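Residue numbering restarts at 1 for every chain, and letters A, B, ... go by the order of the sequence lines. From a predicted model like this one, the values you see are computed outputs, not experimental measurements. The figures here come from the full heavy-atom set of this structure, side chains too, leaving out hydrogens, waters and symmetry mates.
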Protein chains: 4
Amino acid sequence: MASERREHLVRLAAELFAQKGFQATTVRNIADEAGILSGSLYHHFDSKESIVDEILSGFFDEIMASYRAAIDRGQGPRETIAALVRAAFDTLEPHRAAITVMQNDWSYLRGMERFAYLTKAEDEIEEMWAGTIRQGQRQGLFRADIDATLTYRMVRDTIWMAVRWYRPGSGLDPKTLAEHYLKVMFDGINIH
Amino acid sequence: MASERREHLVRLAAELFAQKGFQATTVRNIADEAGILSGSLYHHFDSKESIVDEILSGFFDEIMASYRAAIDRGQGPRETIAALVRAAFDTLEPHRAAITVMQNDWSYLRGMERFAYLTKAEDEIEEMWAGTIRQGQRQGLFRADIDATLTYRMVRDTIWMAVRWYRPGSGLDPKTLAEHYLKVMFDGINIH
Amino acid sequence: MASERREHLVRLAAELFAQKGFQATTVRNIADEAGILSGSLYHHFDSKESIVDEILSGFFDEIMASYRAAIDRGQGPRETIAALVRAAFDTLEPHRAAITVMQNDWSYLRGMERFAYLTKAEDEIEEMWAGTIRQGQRQGLFRADIDATLTYRMVRDTIWMAVRWYRPGSGLDPKTLAEHYLKVMFDGINIH
Amino acid sequence: MASERREHLVRLAAELFAQKGFQATTVRNIADEAGILSGSLYHHFDSKESIVDEILSGFFDEIMASYRAAIDRGQGPRETIAALVRAAFDTLEPHRAAITVMQNDWSYLRGMERFAYLTKAEDEIEEMWAGTIRQGQRQGLFRADIDATLTYRMVRDTIWMAVRWYRPGSGLDPKTLAEHYLKVMFDGINIH
DNA sequence: TATGAATGAGGTTTCATTCAT
DNA sequence: TATGAATGAAACCTCATTCAT
């Protein structure tokens with residue numbers, strides 16, 4: 001089913017989508033990169049959309065699994081939040097292309113029936129994070145005067161947007177980024 | 001130069017670009033919205049690009065001016081950062097469409113010679129913010145163990161991405177958002 | 001009727017048509033050159049075609065008159081041919097733009113009902129020249145083994161095509177060109 | 001590279017360009033003639049310009065080769081000039097369409113960066129012809145009181161412009177034309 | 001699996017022309 | 001006479017997709 005050839009093509013496509021955007025990448029671009037003719041791609045996929053679908057669903061499946069594992073570990077809210085942040089940053093390298101597409105072509109994909117599952121997954125994720133934050137508030141660990149959902153969105157956007165400037169092998173690795181973000185998120189930049 | 005008719009058309013276009021994305025919005029969409037034929041738009045603009053250019057440069061001019069004013073006020077780093085955050089959030093409503101385009105079509109626009117000025121402006125802005133943070137670190141106001149640039153990017157992404165979910169008239173106004181973000185940014189979510 | 005303003009506009013248009021070709025010159029180009037808006041041209045002319053018509057008919061009127069005068073002078077064939085050649089070259093400077101348009105846009109204009117008069121004038125002109133050559137042949141002045149019509153066309157094309165490379169003020173003036181062409185035409189390049 | 005289908009399309013296009021002019025011929029005209037949709041042409045060519053490029057460069061390659069062969073045969077100037085004239089007339093039938101385009105759309109094509117090679121080729125050709133004429137003058141075969149370059153241009157224009165009126169199968173064939181032109185060129189129309 | 005040719009819909013842009021002011 | 005806005009037709013070109021071979 002998922003032949004090697006096919007997986008290779010998906011990876012090529014993901015790279016192009018990430019570089020130029022989904023809409024701006026033509027089926028011919030992908031075929032050129034693979035050294036075949038554009039029509040030949042249709043032996044592997046039934047549409048351009050189905051390629052991006054494969055890219056995104058692969059990423060979402062993995063991140064959801066990681067998040068669930070972090071939640072299910074049943075640690076305290078502080079540890080759980082840290083685990084979620086770290087899980088997210090851990091995908092930055094292996095799924096860089098998928099995340100880039102998700103961020104850059106979000107407005108296009110959001111409008112499509114086919115990708116409704118993305119919105120659904122996002123809602124579920126939001127509930128995991130915000131729920132954990134609220135739990136921390138109830139337990140007196142986190143300040144009561146912040147909005148859990150708002151705070152989640154702050155963190156989420158800040159993490160995923162990192163793909164727009166993060167370059168592997170530039171001194172900063174995702175683990176370092178995660179710790180930096182946790183520091184600021186938990187304690188702020190002020191010296192008290 | 002900027003006739004009323006023209007400004008009206010720019011506003012219509014901005015709204016459509018924000019809703020559907022720059023690429024997915026056709027010149028015909030804009031013309032339809034304006035009740036004219038697509039060719040007639042070319043009486044006012046010489047290309048679709050020049051429309052988005054007008055939208056974005058208008059926004060950038062304003063935000064740069066606000067930022068410079070905040071810096072020039074010569075307050076302490078803490079107050080200056082707060083002023084920058086508030087200045088950014090203050091554009092959220094009047095420039096919602098422009099910000100949305102900037103965020104959503106970033107990957108497309110980035111690749112174009114014509115919009116090189118955006119990158120240049122971003123660099124200048126980064127220097128304003130990061131410089132202020134570093135000043136605060138030197139004055140012993142901000143923690144020395146955070147990275148100024150990284151921190152700026154966190155804040156920047158979190159602010160602009162708000163356009164993807166912020167809806168005017170939903171209880172939350174930009175001022176409230178700004179204060180919330182300042183709280184988290186300065187002091188973190190932990191209770192100490 | 002032929003106000004100065006109008007004549008000025010015709011001259012501007014002629015220059016542009018000569019430089020870029022009739023089709024490639026837009027009504028806007030002409031208006032820009034005149035410092036008015038394209039729509040305003042329509043107070044002076046009822047179409048782009050009527051402008052080029054004015055340019056070409058002006059030229060044809062003059063060349064026909066010159067040719068007829070040369071013929072009517074009733075000199076011998078040799079002198080008449082020389083007069084025709086000189087008459088043609090004499091238009092090279094004052095009507096350079098018109099001749100250029102006639103040569104360059106010939107294929108386009110030929111196809112238009114409106115410019116049928118050009119073909120008619122050409123036929124009449126061909127008859128003048130070829131008739132004179134034939135007269136010279138009958139009088140034993142010109143060789144009998146050349147084709148009068150063919151010879152006329154040689155000369156005609158050679159004269160008008162000069163506009164493609166002739167530049168006023170480059171040392172060569174039309175009078176010199178005429179004499180050169182007469183030399184070759186009458187006696188050939190061989191030394192006998 | 002040059003598939004049969006492609007060559008067929010080029011021939012169709014050349015015919016249309018010759019009939020109506022390059023600018024006046026639409027891509028749809030060509031496609032209609034070929035019985036396909038206009039967009040389908042872009043499977044074979046990347047632009048309308050690239051079609052005319054193929055037409056013209058094919059012609060120029062051949063004429064340059066013929067000219068070089070004539071020069072390289074190393075005969076006397078009189079024979080070489082005759083060979084050049086005959087070589088040119090020999091292209092009149094097989095390359096009628098290309099020559100027509102070259103003549104009629106010269107002013108349009110000249111302005112384009114892409115066709116700069118045409119001007120370059122013309123310069124090289126001018127040097128071949130004018131050089132041969134000058135050689136004949138030095139050897140006392142051709143009159144010293146004529147200008148070599150001017151004479152070349154006379155001949156050149158007269159030859160290529162023949163496509164505007166020459167019709168195959170009208171009694172006159174290119175060989176006859178060549179001999180006629182040689183007669184006039186070498187010895188003039190006078191009887192001495 | 002791949003090619004080569006084509007489709008069909010639609011995209012941006014151009015441009016001569018019109019007309020109320 | 002000129003402006004400013006618009007029309008309407010058509011131009012070149014793009015591109016996801018199909019399909020016989």
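Taking atom CG of residue A/Leu16 and atom P of nucleotide F/dA16, one finds them 12 Å apart after rounding to whole Å. Following rounding to the nearest Å, A/Glu4 (CD) and E/dT1 (P) show an atom-to-atom distance of 12 Å.
Here A/Asn104 pairs with A/Arg164 under the side-chain hydrogen bond (donor to acceptor under 3.5 Å, both in side chains) rule; sequence neighbours left out. Every residue meeting the side-chain hydrogen bond (donor to acceptor under 3.5 Å, both in side chains) condition with D/Arg114, not counting sequence neighbours, appears here in chain and number order: D/Asp53. Scored by the ring pair (Phe, Tyr, Trp, His ring centres under 6.0 Å) test, C/Phe115 finds no partners at all (sequence neighbours excluded). Taking D/Trp106 as the reference, nothing meets the ring pair (Phe, Tyr, Trp, His ring centres under 6.0 Å) condition, with sequence neighbours excluded. By the side-chain hydrogen bond (donor to acceptor under 3.5 Å, both in side chains) test, A/Ser57 is found to be paired with no residue, residues two or more places apart in sequence or in another chain being considered. Residues satisfying the side-chain hydrogen bond (donor to acceptor under 3.5 Å, both in side chains) criterion with D/His44, sequence neighbours excluded, are absent altogether.
Near DNA chain E, defined here as any heavy-atom distance below 4.0 Å, the residues from residues 46-53 of chain B are B/Ser47, B/Lys48, listed numerically. A heavy atom closer than 4.0 Å to some atom of DNA chain E occurs in no member of residues 103-118 of chain B. Against DNA chain E, the stretch residues 21-32 of chain A makes no heavy-atom approach under 4.0 Å.
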message: As a check on the pairing definition, encode DNA chain E in dot-bracket form, counting Watson-Crick and G-U wobble pairs whose two distances are under 3.5 Å, and using | for partners outside this strand.
response: .||||||||||||||||||||
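What you find for B/Ala31 and B/Leu41 is that their closest heavy atoms are N-CD1, 4.0 Å. Nearest heavy atom pair, residue B/Tyr42 against residue B/Lys48, reads OH-N, 4.2 Å.
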- request: Apply side-chain contact (heavy atoms from CB on, under 4.5 Å) to the pair A/Met161 and B/Trp160, showing each step before the final yes or no.
  value: CA-CA 11 Å; A/Met161 287 301 262; B/Trp160 299 136; over 6 Å; no
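Within the structure, the salt bridge (charged side-chain N to carboxylate O under 4.0 Å, His left out) test picks out the following pairs touching residues 14-43 of chain C (sequence neighbours left out): C/Glu15-C/Arg96.
Ring-plane geometry between B/Phe60 and B/Tyr117 is classed as perpendicular, the angle between the planes exceeding 60 degrees on a 0 to 90 degree scale with a lower cut at 30. Between A/Tyr108 and A/Phe22, the angle of the ring planes lies from 30° to 60°, which puts this pair in the tilted group.
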Distances for protein N/O vs nucleotides 4-8 of chain F N/O pairs under 3.5 angstrom?
| from | atom 1 | to | atom 2 | distance (Å) |
| --- | --- | --- | --- | --- |
| F/dA5 | N7 | B/His43 | NE2 | 3.3 |
| F/dA6 | OP1 | B/Arg5 | NE | 2.7 |
| F/dA6 | OP1 | B/Arg5 | NH2 | 2.9 |
| F/dA6 | OP2 | B/Arg5 | NE | 3.4 |
| F/dA6 | OP2 | B/His44 | NE2 | 2.9 |
| F/dT7 | OP2 | B/Leu37 | N | 2.9 |
| F/dT7 | OP2 | B/Ser40 | OG | 3.0 |

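Taking CD of D/Gln23 as the start and CG of C/Asp105 as the end, the distance is 8.0 Å to the nearest 0.5 Å.
The side-chain heavy atoms of D/Val101 and D/Leu109, taken from C-beta on, include a pair separated by under 4.5 Å. Considering only heavy atoms from C-beta on, A/Glu7 comes within 4.5 Å of A/Arg11 through its side chain.
A close approach under 4.0 Å does occur between a side-chain nitrogen or oxygen of C/Tyr42 and OP1 or OP2 of E/dT17.
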